[in-house]
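Working notes, structure below.
The structure presented is a predicted model; accordingly, all values stated were derived computationally and were not measured.
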Amino acid sequence: MKQIFALEYTGELFSRSFNLGDDIQTLAVSRLLPTVDGYVSREALDEVEEECIVPMNGFFMNSNHWPPSESVRPVFYAFHMTPQSEKIVCSPEGIEYLKRWQPIGCRDLGTQKALSKHGIETYYSRCITLTLPRREKEPENGKVFISGVNDAMRHVIPESLRKEAIRVDQAKVRLPITDTAIKLTLADELLKQYREQARLVITSKIHCAMPCIAMGIPVVFLYDANKQNDYRVKIIDDLIGINYVHKKGVLAKLKNQSLSKEIDWQPAALDIESLKEEIKQGFKKAFDRISID
């Protein structure tokens, strides 16, 4: 079998600020691989010279480094594309590449729809972060975590929860770290803190919500009311629902305070073990097709 490389998020784009949600996706897929022999930058897939298998789980693309080089055998599972990146991913050359490796497992229905209109075979795979193991027990004196919630949105959260909460911004870590091992360690530590300490996670970040749902942690998901057509978060809506609140504006704080009573602040943890197994088996099928072919 060829060497297996997972995605890393290095390069100029990530030199000053990075999103641990990206690294959480790499941690999640690494658990499903027979081995991880190394990492390749998402921003330099077209420059890979060594023959390798690379899972393509995550968001594509922030650059013009697409499609990947001939040395890459891609496992298209939990693949996501934004409308803004469609012109890159679905360029004539990009479409030809995707058709070569189809069917494409899409993280969300929006990506599936966008690729399908170009004649690409697709299916809905969901996200690999939903396969993280469920925690064995709940913390005795659990804490509330608030992750990726700005000041205006925070006013929808009852003060009794806010005053005791641990605040996290996993999507905008402003440290000049270029070492993938360190970033993966940080991501792993963050997941550990959620798993061992959280009795409730309140977040606006997809890759905080999904890992926590998978680990059996109660989650309240807040999202910008001006982005109700954002297909990236539909996967969250299908699981626990979305609470649309106001992210900005002169009256945002006041509006959010009035919305607070409409939100269930004591949700139960979700049991997705059957779905988790379905996603795992789907990935294995996609991986085996590429590695054996």
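The shortest non-hydrogen separation linking Val72 to Trp101 is O-CZ2, 4.1 Å. Smallest separation of non-hydrogen atoms from Gln3 and Asp37: CA-OD2, 3.3 Å. When all heavy atoms of His207 and Cys127 are compared, the closest pair comes out as NE2-SG, 3.5 Å. Of all the heavy atoms in Asn256 and Ala152, the pair that sits closest is ND2-O, 2.7 Å. Taking both residues in full, the closest heavy atoms of Trp265 and Pro158 are given as CE2-CD, 3.3 Å, listed atom of the first, atom of the second, then distance. Closest non-hydrogen pair, Cys90 versus Ile95, comes out as O-CD1, 3.4 Å.
Hydrophobic clustering, with ILVMFWY side chains joined whenever heavy atoms are under 4.5 angstrom apart, groups Met56 together with Leu109. In this structure, Ile242 is not a member of the same hydrophobic cluster as Leu222, with clusters built from ILVMFWY side-chain heavy atoms closer than 4.5 Å. Both Leu33 and Val40 are assigned to one and the same hydrophobic cluster, defined by single-linkage of ILVMFWY side chains at heavy-atom distances under 4.5 Å. Put simply, Met61 and Tyr231 are part of two different groups of oily side chains (I, L, V, M, F, W, Y) that touch within less than 4.5 Å, one to the next. Under the 4.5 Å side-chain heavy-atom criterion for grouping Ile, Leu, Val, Met, Phe, Trp and Tyr, Ile166 is connected to Val201 within one hydrophobic cluster.
Pairs passing the ring-ring contact (aromatic ring centres under 6.0 Å, His included) check and including a residue from residues 165-192, sequence neighbours excluded, do not occur.
Between atom CG of residue Leu45 and atom OG of residue Ser69 there is a gap of 8.0 Å, rounded to the nearest 0.5 Å. One finds the CG atom of Asn243 at 9.5 Å from the CG atom of Asp237 (value rounded to the nearest 0.5 Å). Atom OH of Tyr223 sits about 8.0 Å away from atom OG of Ser204, to the nearest 0.5 Å. The CG atom of Leu275 sits 6.0 Å away from atom CG of Leu130, with the distance rounded to the nearest 0.5 Å. Atoms OG1 and CG, from Thr111 and Asp108 in turn, are 3.5 Å apart once rounded to the nearest 0.5 Å. With rounding to the nearest 0.5 Å, the separation of NZ in Lys253 from CD in Gln257 is 9.0 Å.
With sequence neighbours left out, Phe60 forms a ring pair (Phe, Tyr, Trp, His ring centres under 6.0 Å) with Trp66, Phe79.
A donor-acceptor contact shorter than 3.5 Å links the side chain of Arg135 to the backbone of Arg195. A donor-acceptor distance shorter than 3.5 angstrom exists from the side chain of Thr203 to the backbone of Ser147, with no hydrogens or angles considered. With hydrogens and angles ignored, the 3.5 Å screen pairs a side-chain donor or acceptor of Ser15 with a backbone N or O of Glu12. Side chain of Lys205 to main chain of Ala171: no donor-acceptor pair is present (N/O by atom type, distance under 3.5 Å, no hydrogens or angles). Under the 3.5 Å distance criterion, the side-chain polar atoms of Asp188 are left unmatched by any main-chain donor or acceptor of Leu184. Between the side chain of Thr82 and the backbone N or O of Ser85 there is at least one donor-acceptor pair closer than 3.5 Å. One N or O on the side chain of Thr26 and one on the backbone of Leu7 form a donor-acceptor pair closer than 3.5 Å. When atom types are taken as modelled, the side chain of Lys172 and the backbone of Asp169 share no donor-acceptor pair closer than 3.5 angstrom. Proximity of a side-chain donor or acceptor of Ser291 to a complementary backbone N or O of Phe287 within less than 3.5 Å is detected. The closest donor-acceptor contact from the side chain of Thr131 to the backbone of Ile128 lies under 3.5 Å.
The side-chain heavy atoms of Ser91 and Glu96, taken from C-beta on, include no pair separated by under 4.5 Å. In this structure the side chain of Met153 never reaches within 4.5 angstrom of the side chain of His246, judged on heavy atoms. Counting only heavy atoms from C-beta outward, the side chains of Arg73 and Lys2 approach each other to under 4.5 Å. Using a 4.5 Å heavy-atom threshold, the side chains of Pro133 and Arg31 count as touching. Put simply, the side chain of Lys285 does not reach to within 4.5 Å of the side chain of Asp288, judged on heavy atoms. Taking the side chain as every heavy atom from C-beta outward, Ser63 and Arg42 never approach each other to under 4.5 Å. Residues Pro267 and Leu200 form a side-chain contact, since some pair of their non-hydrogen atoms from C-beta on lies under 4.5 Å apart. Contact annotation: the side chain of Leu32 never approaches that of Lys284 to less than 4.5 Å [non-hydrogen atoms, C-beta and beyond].
Inspection of the Asn19 and Tyr9 side chains reveals no N or O donor paired with an N or O acceptor under 3.5 Å. Tyr194 and Gln170 share a donor-acceptor pair across their side chains, judged by distance under 3.5 Å alone. In the model, Ser71 has no side-chain atom that pairs as donor or acceptor with a side-chain atom of Glu49 under 3.5 Å. A donor-acceptor pair shorter than 3.5 Å cannot be found between the side chains of Thr178 and Thr10. Arg199 and Gln266 share no side-chain donor-acceptor pair at under 3.5 Å.
Using a 4.0 Å cut-off between charged nitrogen and carboxylate oxygen, Lys143 and Glu196 do not count as a salt-bridge pair. For Glu70 and Arg100, the salt-bridge test passes: some basic side-chain N is under 4.0 Å from an acidic carboxylate O. Ion pair Asp224/Lys248 not flagged as a salt bridge, since none of the NZ, NE, NH1 or NH2 atoms sits closer than 4.0 Å to an Asp/Glu carboxylate oxygen.
Both the sub-6.0 Å distance and the 45° axial angle are satisfied by Lys183 relative to the ring of Phe18.
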Salt bridge (Lys or Arg N to Asp or Glu O under 4.0 Å) between Asp238 and Arg126, worked out: CA-CA 11 Å; Asp238 291 341; Arg126 296 183 173 85; 5.7 Å; no

Does the pair Met215 and Leu191 meet the rule for a side chain to side chain contact (heavy atoms under 4.5 Å, CB included), with working shown? CA-CA 9 Å; Met215 291 188 291; Leu191 291 176; 4.1 Å; yes

Please report the C-alpha distance between Phe283 and Tyr77 in whole Å, then the side-chain angles of each, then the deciding distance to 0.1 Å, and finally whether the ring-ring contact (aromatic ring centres under 6.0 Å, His included) criterion is met. CA-CA 6 Å; Phe283 177 78; Tyr77 197 87; 5.8 Å; yes

Residues Cys52, Ile4; criterion side chain to side chain contact (heavy atoms under 4.5 Å, CB included); working and verdict: CA-CA 6 Å; Cys52 57; Ile4 302 169; over 6 Å; no

Test side chain to side chain contact (heavy atoms under 4.5 Å, CB included) on Phe59 and Ile206; report intermediate values, then the result. CA-CA 12 Å; Phe59 157 57; Ile206 299 170; over 6 Å; no

Would you please test Glu273 and Arg134 for side chain to side chain contact (heavy atoms under 4.5 Å, CB included) and show each step? CA-CA 8 Å; Glu273 294 309 297; Arg134 190 179 182 88; 3.6 Å; yes

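Counting non-hydrogen atoms of other residues, nucleotides and ligands closer than 6.0 Å to CD of Glu136 gives a total of 12 or fewer. More than 12 heavy atoms of other shown residues, nucleotides or ligands fall within 6.0 angstrom of atom CG in Asp151. Annotation for Glu138: atom CD does not count as buried by contact number, only 12 or fewer foreign heavy atoms lying within 6.0 Å.
Shown are Ile202, Ile146, Val156; of these, the side-chain contact (heavy atoms from CB on, under 4.5 Å) with Arg162 is made only by Ile146.
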